[in-house]
Amino acid sequence: MKVLYFAWLKAKTGVAEEDLDPPAEVATVADLMEWLKDRGPGHADALANTQAIRVAVNQEYAAPGDAVKAGDEIAFFPPVTGG
Amino acid sequence: MKVLYFAWLKAKTGVAEEDLDPPAEVATVADLMEWLKDRGPGHADALANTQAIRVAVNQEYAAPGDAVKAGDEIAFFPPVTGG
Amino acid sequence: MIRVQRSDFDPGAEISALTQGRHDVGALTVFVGLVRDMAGEQRISSMELEHYPGMTEKMLERIEAEARERWALNDTLIVHRYGPLAPGERIVLVACTSTHRAASFEACEFLIDWLKTKAPFWKKEHGPDGDAHWVEARGSDDAAAARWNRKPGDAAE
Amino acid sequence: MIRVQRSDFDPGAEISALTQGRHDVGALTVFVGLVRDMAGEQRISSMELEHYPGMTEKMLERIEAEARERWALNDTLIVHRYGPLAPGERIVLVACTSTHRAASFEACEFLIDWLKTKAPFWKKEHGPDGDAHWVEARGSDDAAAARWNRKPGDAAE
């Protein structure tokens, strides 16, 4: 599973991208966010306010209950501000 | 008084512009239109359908009841179609 | 600024002039109207655009002033051609710059809507067989322009 | 067409490419977004625009396809930059051509409204003292985008 962080989530976690292999019980976006928080204080800080975070699974916007599985590309980022 | 005709009003009257000196009883736009119709069949045809004609007095849109006087520039034209 | 001219204009150059060297423009909206080779079912081989010199400039200036009163704009530009025009040629350009996009879009649409119903231009279309007719004003243009009429008592925007 | 690029673009050239040699385009609406040197009360000395390569293109293509389904358009174009940007620089261009102006205006506004809330770009503003912050999403942008949401049962336009 490839996990990407953008904008201030990248700054807080200190990584742009990581290849991870979470345990089988990590089945949804919400599960993954909880599991990632244990990777360190930077991750915990970045993922603390779930309201402020948008998620994409395989480059499609996803909700907390959506499934994640091995091989997926999961991205965490703030609400977008382009244009 | 300078009278101008544009678009199909110019084609029907056969003139773009004429300097005229109508009698004193021609006091309004409506009076002027009636008076102009007597200038010939072209003028009568051009000015027959008052609904289809817009008028400007001194380059400002005007209504049938608006005053006209010596020295004014009066223009007759169809509804505009620029842009 | 407004310009009424026989010659073509360069949209890129007009846009550049509005934004070049400025750091206070966040949004630019531009509209360009062009001659099509069809009007409804009718084939158009050329067009003649007549105007009322003097009154045209006066009306365009007034429309522009109205836009600048209604919206917070950095700049506005109207360029309108007259004379003979072939299909594919540019007729009119309207551009507005503002700090924010909503104002630039609204003002640009307002300018072209009012111009179409108030500026004294008349189009004559020539068909491929030499037939020609004066274009009739469209009710949809009146309706578009009327969207911007203020009701009595409207607060300034 | 959509393009995501680090380099600047030439609005005049982009407009030309959409209209050159065509006789079926009656209306072109273009929006250009630029970097301002102020954000509210805050002075901006530069900006960094981050994006999500891959997803950005996918979202822009989807937004473009949605516009072309909703309106009768000749063509659409979105060009969006990323990377470092100084005040006065262009960020984004959105352009739509159509036979009629209402479609070109509406589609152009739709494209920029949806792009602003759906395309994965993030702006970081740098102040004159070296301070920097990520720009926060604005409720007014969400509201602008929501105007275009279809209610269930809406007929195709």
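Just so it is clear, the model here is predicted, and its values are computed rather than measured. Any value given below was found using the heavy atoms of this structure, including those in side chains, with hydrogens, waters and symmetry copies removed. Residue numbers begin at 1 in each chain, while the letters A, B, ... track the order of the sequences.
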Query raised in the report: Mind checking which of residues 17-42 of chain B sit less than 4.5 Å from chain C, heavy atom to heavy atom?
Result: none
**Report entry** Non-hydrogen atoms of C/Ala119 and B/Tyr61 that approach each other most closely
**Finding:** N-OH, 4.4 Å
Query raised in the report: More than 12 foreign heavy atoms under 6.0 Å from CD of C/Glu136: is that the case here?
Result: no
Report task. Would you mind checking which part of C/His51 comes under 4.5 Å of any heavy atom in chain B, side chain (CB onward), backbone (N, CA, C, O), both or neither? Result -> backbone
**Report entry** Contacting moiety of C/Arg62, where chain B heavy atoms sit under 4.5 Å
**Finding:** side chain
Report task. Against chain B, label C/Lys58 side chain, backbone, both or neither, depending on which of its atoms sit under 4.5 Å from a heavy atom there. Result -> side chain
Requested in this report: Working to the nearest 0.5 Å, report the span between CD of C/Glu50 and OG1 of B/Thr81.
Outcome: 9.5 Å
**Report entry** Close side-chain approach of C/Met59 and B/Gln59, heavy atoms under 4.5 Å
**Finding:** no
Report summary line: Interface check, chain B: of C/Tyr52, C/Phe121, C/Tyr82, most non-hydrogen pairs under 4.5 Å belong to C/Tyr52
Query raised in the report: Any donor-acceptor pair under 3.5 Å linking the side chain of C/Lys123 with the backbone of B/Gly83?
Result: yes
Query - From C/Met55 atom CE to B/Phe6 atom CZ, the distance as rounded to the nearest 0.5 Å - result: 9.0 Å
Report summary line: Sorted by chain and number, sequence neighbours left out, ring-ring contact (aromatic ring centres under 6.0 Å, His included) with C/Phe9 holds for none
Requested in this report: Name the region of C/Glu48, side chain, backbone, both or neither, that has any atom closer than 4.5 Å to a heavy atom of chain B.
Outcome: neither
